[in-house]
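I have placed the structure first, in the form of structure tokens, so that the comments after it can refer back to it.
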Amino acid sequence: MAEYDFREAEVRWQRRWDEDGTYRVDLDDPRPPYYVLCMYPYPSGPAHQGHIRNYTFGDVLVRHRTMQGHAVLSPFGFDSFGLPAENAAIKGGDHPRVYTEARIAELTASVKRLGAVYDWRRELRSHDPDYIRWNQVIFLELLRAGLAYRAEAPVNWCPGCHTVLANEQVLADGTCERSGDVVERRNLEQWFLRITQYAEELLDALDGLDWPERVKTMQRNWIGRSEGAQFRMAVSGRPGIEIEVFTTRPDTSFGMTYAVLAPEHPLVAVLVTDGHEDEVAELCARAKQATDIERQSSEGSLEKRGAFTGSYCVNPFNDELVPIYVADYVLMGYGTGAIMAVPAEDERDFAFAEAYGLPIVRTVEPPGGFTGAYPGDGLKINSGFLDGLDVTAAKRAAVEFLENLGIGSRKIHYRLRDWLISRQRYWGCPIPVMYCSTHGIVPVPAEDLPVLLPDDVEFRPTGESPLRFHEAFLRTTCAICGGPAVRETDTMDTFVDSSWYFLRFCNPRDETGPVDLGAARHFMPVDQYIGGITHAILHLLYARFFTRALADTGLGPKEVREPFSQLFCQGMIRLGGRAMSKSKGNVVSPDDYFAKVGADALRLLHLFIGPPVDDVDWNEQTEEILEGCSRYLGRVWRLATDPPEQPVDPAQDDTASESLLLRRAVHHTIARVTADIERYAFNTAVAACRELTNTISRHARSGTDRAVIEESIDTLLELLAPFAPHLTAEAYEFRHGDNVHTRPWPVADVRLLTEQNVTMVVQVNGKVRDRIEVERDISEQAAAEAALASPKARAALGGAAVARTIAKPPRLVNIIT
RNA sequence: GCCCGGAUGGCGGAAUGGCAGACGCGGCGGCCUCAAAAGCCGUUGUCCGAGAGGGCGUGCGGGUUCGAGUCCCGCUCCGGGCACCA
């Protein structure tokens with residue numbers, strides 16, 4: 001047989017997989033459905049190694065599950081709205097659509113060269129008019145359901161670019177990634193989605209997900225549930241005016257020595273008294289203009305900035321007056337924007353109290369020698385009716401007290417904020433509303449959808465959205481009164497697009513709604529979702545929210561509330577110690593490797609180089625390992641198509657026992673590879689295949705029964721098929737004229753997994769001294785006797801008396817002196 | 001600061017509390033060849049030893065156990081996430 005020509009064979013097999021329908025599935029497929037999905041990519045050009053790694057893992061699962069008899073849904077699409085395309089246009093390049101579609105073509109080509117199989121009939125792109133239409137239908141439904149709303153919010157504004165930036169575009173030093181200008185906070189009218197309505201459910205449901213613990217922890221922190229009490233306090237001498245505070249430590253209320261309002265709190269202006277205006281105004285002004293970065297910097301947490309309003313409120317627990325301060329360490333966006341300050345039990349309050357000379361009253365006695373805030377448990381002191389209770393009991397009693405007074409209650413707050421989806425950008429899905437001077441916000445009627453982006457636009461070097469200057473787009477008529485109206489020029493955050501595409505994939509050409517309920521019921525949830533850890537919070541949280549919002553509005557199946565049953569996050573590729581990414585310009589293009597060693601070798605590299613969850617450092621050794629993978633595939637090819645000459649006259653006795661040994665090795669390998677794929681240990685699965693290859697080669701050179709060798713080679717090709725799909729397909733076809741990818745996945749014969757004789761380790765005082773062959777079902781006593789009979793063990797004992805033996809047959813016996 | 005991960009040969013990495021280093025990369029030796037490439041075979045933790053063999057070895061210090069890379073306690077270093085959220 002000729003040498004394997006991967007250049008020719010890979011192209012041929014890829015065309016065949018595209019045409020033969022093996023990886024197309026439909027609703028009437030009798031096989032059980034299984035949904036494998038890799039996070040759909042932003043099309044940035046030809047695939048980089050991170051994509052290759054992601055799609056290789058996904059493809060292994062698709063092919064493996066297909067061989068196991070599932071109807072595997074494996075769709076592919078593009079997250080094709082986004083900033084780089086628009087930035088390219090601003091720099092004088094092509095129109096974002098032209099640019100994006102060129103990048104999609106490039107990425108599609110590399111994905112196909114990898115030999116990853118998809119049901120391409122289902123391809124979708126978020127910039128397609130069809131997807132835009134359903135995106136807009138969803139938005140309007142969320143608006144109708146009260147889950148979308150418009151409100152004023154502080155945003156990141158870049159004065160150089162004349163636009164709002166996404167958080168990701170603001171660098172760590174608070175400057176714009178593109179212009180380098182210092183980003184400002186501005187209050188603008190923005191669209192929000194009410195994700196906070198689902199905070200509790202999003203948090204609670206995490207427990208039942210088969211996701212990496214790390215990701216679940218990050219989501220829990222992000223949602224940030226905190227349980228406490230909320231209550232109102234009267235302001236001294238100001239009847240009718242109260243401040244409301246939230247605390248997680250109502251048990252410490254007797255230690256309240258002051259109260260604090262956030263600078264943005266509406267009562268600040270009301271409560272400030274003569275002589276305090278200037279100081280308070282200055283503080284508020286400074287807080288307002290400070291960037292988030294400045295306000296939250298670690299240095300800022302040490303020097304707390306505040307001012308006294310001149311007013312006092314009444315602590316309802318002991319009727320004492322406490323001064324009301326304004327301080328920038330209290331945030332308007334959390335809780336009530338006002339706190340009771342207990343310096344003795346809160347570090348931040350402690351720092352502020354020290355800086356401003358405020359009293360500190362402990363309500364829990366800290367351990368001896370302890371100075372500073374003590375947030376730990378202990379019995380209450382200085383706390384009136386709470387004295388002597390522990391923290392938990394005191395919390396309960398304090399809430400009860402507030403409830404009896406009718407001024408407060410138990411309350412749960414979440415750190416999670418509503419999702420701001422407005423982007424002052426062109427290349428995104430238009431928000432389908434208009435503004436009428438008489439009717440205000442008017443949704444675009446369903447029959448007028450989609451609202452598409454006009455193509456004839458001018459990209460300004462300032463970065464201002466071209467939609468704001470496009471008269472034909474801007475001017476419209478009110479859907480209610482027919483009077484003049486202007487369209488919303490903001491577009492949606494691209495995370496909106498990616499929050500439901502996995503539902504659309506179930507039937508992407510459905511004309512009746514965004515999600516085909518029947519198809520979604522059939523395929524959802526995604527059984528196996530694969531992507532980078534970078535999306536641990538945003539995308540994965542938004543998708544969970546959307547799935548619920550669609551279920552509740554009837555746009556999605558109501559029983560599908562979680563989108564992804566199992567999540568796998570693969571490690572990053574690093575080059576020179578940094579994440580490999582196109583924006584950092586440190587990429588190693590897979591295209592060169594496709595040409596040099598072929599797709600199968602590159603796939604094998606990613607599978608074999610280490611645990612899939614771990615990061616990979618791309619260096620000289622990586623290339624050498626790739627060479628090794630390429631060599632290995634050559635060995636498999638030769639073994640399968642041109643096996644070595646055997647000795648002419650093998651001894652019959654040997655042949656029988658050698659055959660059994662080989663068959664045992666084959667079935668052990670089947671068991672290992674199957675289990676390893678299921679636990680994402682692709683590196684050890686490949687290692688097991690390589691071990692088997694070595695074993696078969698050894699047998700092939702000796703006199704082992706030819707039929708057993710051939711059978712072993714077939715199984716090896718089947719086990720390798722998900723990893724190296726082209727070469728195994730070619731070899732299998734050569735051998736049998738059959739398609740390895742439609743073969744059933746091999747099943748290990750348990751009778752061959754349990755061996756009659758095993759090697760038992762003999763230890764003396766925990767050190768291995770001998771290895772002896774024993775029967776698998778040897779008794780404890782017989783094992784111990786065999787161990788004591790070992791000459792090597794006896795030598796190690798050197799005549800010392802045996803105190804006892806620990807026998808764990810048939811693996812090990814430990815002799816203790 | 002808080003919360004997670006991690007640390008094993010020269011390197012990437014294997015090891016349900018039971019043979020540490022599977023499988024590779026690199027190195028070394030050999031076969032093939034006029035020669036080279038490719039390919040094939042062998043060897044490769046470390047120290048002592050001619051050898052047989054033995055000592056030591058999973059970041060550091062303790063502990064549990066007949067037995068610890070694995071479990072527990074206390075550190076060191078590295079990586080990541082969160083970071084005034086009351």
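As a basis for the values below, the full set of heavy atoms in this structure was taken, side chains included, without hydrogen atoms, waters or symmetry mates. Chain letters run A, B, ... following the sequence lines, proteins first and then strands; every chain starts at 1.
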Look at the aromatic rings of A:Tyr329 and A:Phe352 and report parallel, tilted or perpendicular, splitting at 30° and 60°.
tilted

When rounded to the nearest Å, what value does the distance between P atoms of B:A15 and B:G69 take?
16 Å

Just the rounded figure in Å: distance from C1' of B:A22 to CZ of A:Arg672.
7 Å

Measuring only the P atom in each nucleotide, how far is B:G63 from B:G57? A whole number of Å is fine.
15 Å

Integer-rounded Å distance: B:G13 P and A:Leu626 CG:
17 Å

Rounded distance in Å - NE2 (A:His606) to P (B:G13)
15 Å

Separation of the C1' atoms in B:G9 and B:A14, to the nearest angstrom:
13 Å

Side chains of A:Leu416 and A:Leu541: closer than 4.5 Å at any heavy-atom pair?
yes

Going by side chain to side chain contact (heavy atoms under 4.5 Å, CB included), name the residues that satisfy it together with A:His413, two or more places apart in sequence or in a different chain.
A:Ser226, A:Gln230, A:Phe246, A:Tyr334, A:Lys411

Within the 4.0 Å heavy-atom criterion, would you say A:Gly628 contacts the bases, only the backbone, or no part of the nucleic acid?
sugar-phosphate

If you pin A:Ala681 and A:Ile816 to their nearest nucleotides in RNA chain B, which one's is more 5'?
A:Ala681

Could you tell me how far apart A:Glu780 (CD) and B:G18 (P) are, to the nearest whole angstrom?
17 Å

Sole residue of A:Leu639, A:Thr693, A:Ile696 in side-chain contact (heavy atoms from CB on, under 4.5 Å) with A:Ser712
A:Ile696

By nearest heavy atom, map A:Arg417 and A:Asp676 onto RNA chain B; which one lands nearer the 5' end?
A:Asp676

Any strand: nucleotide that pairs with B:U64 via Watson-Crick or wobble, under 3.5 Å
none

In Watson-Crick or G-U wobble terms, with both distances under 3.5 Å, the base opposite B:G49 is none

Work out how far the C1' atom of B:U64 is from that of B:C82, and round it to whole angstrom.
35 Å

Rounded to the Å, how far apart are A:Asn694 CG and B:C40 P?
10 Å

Of all the nucleotides listed (B:C66, B:G24, B:G18), which has the minimum atom distance to the side chain of A:Gln763?
B:G18

Listed nucleotide nearest any side-chain atom of A:Ser226, set B:A86, B:C25, B:C40:
B:A86

Is there a donor-acceptor pair closer than 3.5 Å between any side-chain N or O of A:Asn683 and the backbone N or O of A:Ile609?
no

Roughly how many Å is it from CG in A:Asp346 to C1' in B:C84, rounded to a whole number?
9 Å

Ring-plane angle category for A:Trp618 and A:Tyr593, please: parallel below 30°, perpendicular beyond 60°, tilted otherwise.
tilted

So, is B:G9 syn or anti if syn means the angle is within 90° of 0?
syn

When both hydrogen-bonding distances must be under 3.5 Å and the geometry is Watson-Crick or G-U wobble, what is B:C2 paired with, if anything?
B:G81

Nucleotide nearest A:Ile537 when distance is taken to its side chain, options B:A15, B:C40, B:C82
B:C82

Classify A:Leu812 by what it touches in the nucleic acid, base, sugar-phosphate, or nothing, heavy-atom distance under 4.0 Å.
base

Considering only side-chain heavy atoms of A:Val768, which listed nucleotide, B:A15, B:C19, B:C23, is closest?
B:C19

The side-chain contact (heavy atoms from CB on, under 4.5 Å) partner of A:Tyr325 among A:Leu358, A:Leu261, A:Thr309 is A:Leu358

Just compare B:C4, B:G18, B:C84 and give me whichever is closest to any side-chain atom of A:Tyr329.
B:C84

Rounded distance in Å - CD1 (A:Ile324) to P (B:A86):
21 Å

State, with a plain yes or no, whether a side-chain heavy atom of A:Lys808 is found less than 4.5 Å away from one of A:Val813.
no

Which value, in whole Å, describes the distance between the P atoms of nucleotides B:C19 and B:U58?
15 Å

Who pairs with B:C19 - Watson-Crick or G-U, where each distance is under 3.5 Å
none

Hunt down the Watson-Crick or G-U wobble partner of B:C40, both distances under 3.5 Å, from any strand shown, or write none.
B:G30

Distance, rounded to the nearest Å, where A:Arg690 contributes CZ and B:G13 contributes P:
16 Å

Below 3.5 Å between N/O atoms, which protein atoms pair up with nucleotides 41-46 of chain B? Just atom names and distances, please.
| residue | atom | partner | partner atom | Å |
| --- | --- | --- | --- | --- |
| B:C41 | OP1 | A:Arg701 | NH1 | 3.0 |

Give the nucleotide from the list B:A86, B:G39, B:G18 with an atom nearest to the side chain of A:Arg631.
B:G39

Can you tell me how far P in B:G6 sits from the matching atom in B:G10, rounded to whole Å?
23 Å

Base B:C23 paired with A:Glu691 side chain (donor-acceptor, <3.5 Å)
no

Which nucleotide in the list B:G13, B:A86, B:C84 gets nearest to the side chain of A:Asn683?
B:G13

Using atom C1' of each nucleotide, how far apart are B:C47 and B:G42 to the nearest Å?
24 Å

I'd like to check the salt bridge (Lys or Arg N to Asp or Glu O under 4.0 Å) partners of A:Glu244; sequence neighbours left out, ordered by chain and number.
none

Nearest-nucleotide pick for A:Phe608, side chain only, options being B:A15, B:C23, B:C4:
B:C23

Expressed in whole Å, how much space separates the P atoms belonging to B:C28 and B:A36?
15 Å

To the side chain of A:Arg638, which of B:G39, B:C66, B:G13 is closest?
B:G39

Any strand: nucleotide that pairs with B:C75 via Watson-Crick or wobble, under 3.5 Å:
B:G59

Between the side-chain atoms of A:Asn814 and the base atoms of B:C66, is any donor-acceptor pair under 3.5 Å?
yes

Establish, from distance only, whether the side-chain atoms of A:Thr363 and A:Glu345 form a donor-acceptor pair under 3.5 Å.
yes

Verdict with reasoning, A:Asn694 to A:Ser697, per side-chain hydrogen bond (donor to acceptor under 3.5 Å, both in side chains):
CA-CA 5 Å; A:Asn694 295 340; A:Ser697 293; 5.6 Å; no

Counting side-chain heavy atoms from C-beta on, which of B:A83, B:A14, B:G18 comes nearest to A:Arg415?
B:A83

